[in-house]
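Only heavy atoms go into these numbers, but all of them, side chains included; no hydrogens, no water, no symmetry mates. We name chains A, B, ... by the order of the sequence lines, and we start the count at 1 in each one.
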Protein chains: 4
Amino acid sequence: MDDRFFREAAHGQGKRERTLAALLDAAVDVIGRKGMEAAKISDMTTAAGLANGTFYNYFQSKEEILHKVAMEVAVEVSHRLDAQMAGIDDGPTRVVTATTGFVDLVLDAPDWAAILLDSAAYLSAPPEEAFHYLAADITRGVEQGVFDTKIDAFTLGQTVALIGAAIRMQIRHGRDGELTRRLCVNILRLLGMTARRADKVVTQVLG
Amino acid sequence: MDDRFFREAAHGQGKRERTLAALLDAAVDVIGRKGMEAAKISDMTTAAGLANGTFYNYFQSKEEILHKVAMEVAVEVSHRLDAQMAGIDDGPTRVVTATTGFVDLVLDAPDWAAILLDSAAYLSAPPEEAFHYLAADITRGVEQGVFDTKIDAFTLGQTVALIGAAIRMQIRHGRDGELTRRLCVNILRLLGMTARRADKVVTQVLG
Amino acid sequence: MDDRFFREAAHGQGKRERTLAALLDAAVDVIGRKGMEAAKISDMTTAAGLANGTFYNYFQSKEEILHKVAMEVAVEVSHRLDAQMAGIDDGPTRVVTATTGFVDLVLDAPDWAAILLDSAAYLSAPPEEAFHYLAADITRGVEQGVFDTKIDAFTLGQTVALIGAAIRMQIRHGRDGELTRRLCVNILRLLGMTARRADKVVTQVLG
Amino acid sequence: MDDRFFREAAHGQGKRERTLAALLDAAVDVIGRKGMEAAKISDMTTAAGLANGTFYNYFQSKEEILHKVAMEVAVEVSHRLDAQMAGIDDGPTRVVTATTGFVDLVLDAPDWAAILLDSAAYLSAPPEEAFHYLAADITRGVEQGVFDTKIDAFTLGQTVALIGAAIRMQIRHGRDGELTRRLCVNILRLLGMTARRADKVVTQVLG
DNA sequence: GATGAATGAGTATTCATTCAT
DNA sequence: AATGAATGAATACTCATTCAT
């Protein structure tokens, strides 16, 4: 999904922008195949059809492009989820919708999954952008009185950990909608809903 | 905690055993400081006061010592937790006791924390020993009718993810008993207890 | 003879070609001094005035450069012999001319001798190019009815063994044209000529 | 053939002799399997059922045992050939008998073949013992007036080269009596016999 | 004599980064 | 802007040899 994502976004722009986009697309591709650690600069430039040294006209270091790619992907994922969720008002429904949407989106684009997953481990700073909406939805649920939990980095971290574990398992053992459903239940439970109400919400949203 | 753990265990034994223990202790130390990925063989031999080549009289490769260290630590942690939990019969109480004990133990020995955390990511096979008791306790809770969840790799993975995230946060931002308490609540909620009952159990156990 | 052989051939070409040639020349030099087995990559790069890592911009491994050098030398030797032998039609005369030419050429360039001799033992596939002409000349002699032998790998192997032994002896104990003459006689005898006729041919050709 | 050759020879002797013999047998075995270059001291001691360090109570270095083994094997081979050839008086017949016997013996004991072949390349000094009888037989033939060649190191070297090449080919491509027969013919031709007489002798001896 | 633990010099290979063109 | 050749630090692993017990 979305091979050449950056190049399309840079279509019609200046040469510098297009080369930059080519490098970012190449990075996505290479990271998807080999992971951040093993991704070589030369892999990226080769995939982008550029010479080795050209890389350093656009980035100061390997780390920089890794950060950039991770952030851009996170932002784009957030955008897409926002679009899916317009008009949904109920907190729990939003959480389930967002989680399902996120997991599906990321499993559809394994390159992006690799980037998001790796960025938490390989980069010091995981891209909060990807999960920003989640904090907002949880807050909304708390305000609506259906969630019973503190809203802070810890709760967010716990939730993200659940999502990450679920994605990793599906990458390893194959896609499984049932696991995504259970993930949603787990998140709602963790946020303070009873097991019964959590099931009901998930069934309403996912059918 | 337990610097020279292996050397103490090998005290009075033959030279081979003592050198082996020195290497394992050195590995723990180095992994604690630099992580599994960055840990160099020469770091370990230097820390153990040995020549470079001596390493290969005891291990075939870097991976081998990493596996060995991870497994030994996991086993030892399990042993200690078992000791703490003798006589506790109630499933939820066991889960809380085990989780708290595990988090405290591991935060007391940050080297061990690093090993356990890294081993999941760096080694192909993370040591199940460290979490085996957890599966047993969850099963017990389900059999006692207080947990409402499937017992499988997914549930275990979700639980372990919560614990890992909590430990990581405390390593980064400092020890915080309140977070450990909230972790326990989260786990019990995830396993199907209501928010209220989860709080009650945690309060009973942790005061 | 022909120190800097490759560099001369690459004169005026691009930088990549010139560096490649420098590496090949350096390899020839190092192999000549230490043999294929003991030749180190760093020896070659140092001799070429390059950094260690530069080697791997041109070759994947030590084996690769060894093969390349052996093949290039073999090809060049064949070219030079071809030139010497243009217009000679008689089979035995060709064999004697080729053998003498080969031995002289190789003793003039002891580095090349080392390469050709080592390549049979160290490389899995010795460069047939160096001896291809020999097979052709033997065939010609057989067709002319002056040789009485099967033309196959065995006969070729036997002949090459004689040449190799003669070269080795002259490298060890000093150049000796008489030995080369006797080598030619031996080859002709082996190919089925009587001692007398063999002597006559050799005398005609070598004086 | 002749596994434990040295141990049998040392039977009934002192402990030192028996341990030495065990090391020599182990060396034969290991060299046969891996070649001289790749043979490790520890391979030999392990195969001999001894500790690593024990080796140095018997040999000063790896080279020393290699030399010793090569020499002993060469001597033994000579002895056996001598036995086969008692009573044979005719020079050419002796050469054919010795060559055939040598090739057969060595192909029957591939370990020995490996040792003899490697010793020429890996050790500076190939064991002349193995070919001493050959010089004598050639001399005899010359004195009988059937060979027409100088008797010196060069002729011997040429002959040995032919034998080596023939053995190598049979090790690589499988035993082939026809090649051994052709080898004998080649040697006789090289020593100055006509093709016809060489064939006749070989047929008389080998049938 | 035997042991076997310890040694440490030796080397191919990778890859992010620089810089002259 | 682009090129791509050159760099060189960094590191796991081998094995003959030593020597204290």
Tell me whether the guanidinium CZ or amine NZ of C/Arg16 lies under 6.0 angstrom from the six-membered ring centre of C/Tyr58 and within 45° of its axis.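 Positive - C/Arg16 is close enough to the ring of C/Tyr58 and near enough to its axis.
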Does C/Tyr58 put a side-chain nitrogen or oxygen below 4.0 Å from OP1 or OP2 of F/dA5? no
Would you kindly give the CD-to-C1' distance between C/Gln13 and F/dA5, to the nearest whole Å?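 About 16 Å, once rounded to whole Å.
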Whole-Å distance, A/Leu23 CG to F/dA2 C1', equals 12 Å
Got a donor-acceptor contact below 3.5 angstrom from the C/Asp43 side chain to the C/Lys40 backbone?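 Side chain of C/Asp43 to backbone of C/Lys40, a donor-acceptor pair under 3.5 Å: yes, one is there.
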Has D/Asn52 got a side-chain atom pairing as donor or acceptor with D/Ser42's backbone, closer than 3.5 angstrom? no
Is there a side-chain contact between [X] and [Y], using heavy atoms and a 4.5 Å cut-off?
X        : Y       : answer
B/Trp112 : B/Glu76 : yes
C/Leu23  : C/Phe59 : yes
D/Leu66  : D/Ile31 : yes

Do nucleotides 11-17 of chain E as a string where each nucleotide becomes B, S or -: B if the base has a protein heavy atom under 4.0 Å, S if just the sugar-phosphate does, - if no protein is that close. SSBBSSB
Selection from F/dG4, F/dA5, F/dA1 that lies nearest to any side-chain heavy atom of A/Arg16: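 Nucleotide nearest to A/Arg16's side chain: F/dA1.
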Scan every strand shown for a Watson-Crick or G-U wobble partner of E/dT14, both distances under 3.5 Å, and answer none if you come up empty.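 Paired with F/dA9.
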Who does F/dT21 pair with, Watson-Crick or G-U, both distances under 3.5 Å? E/dA2
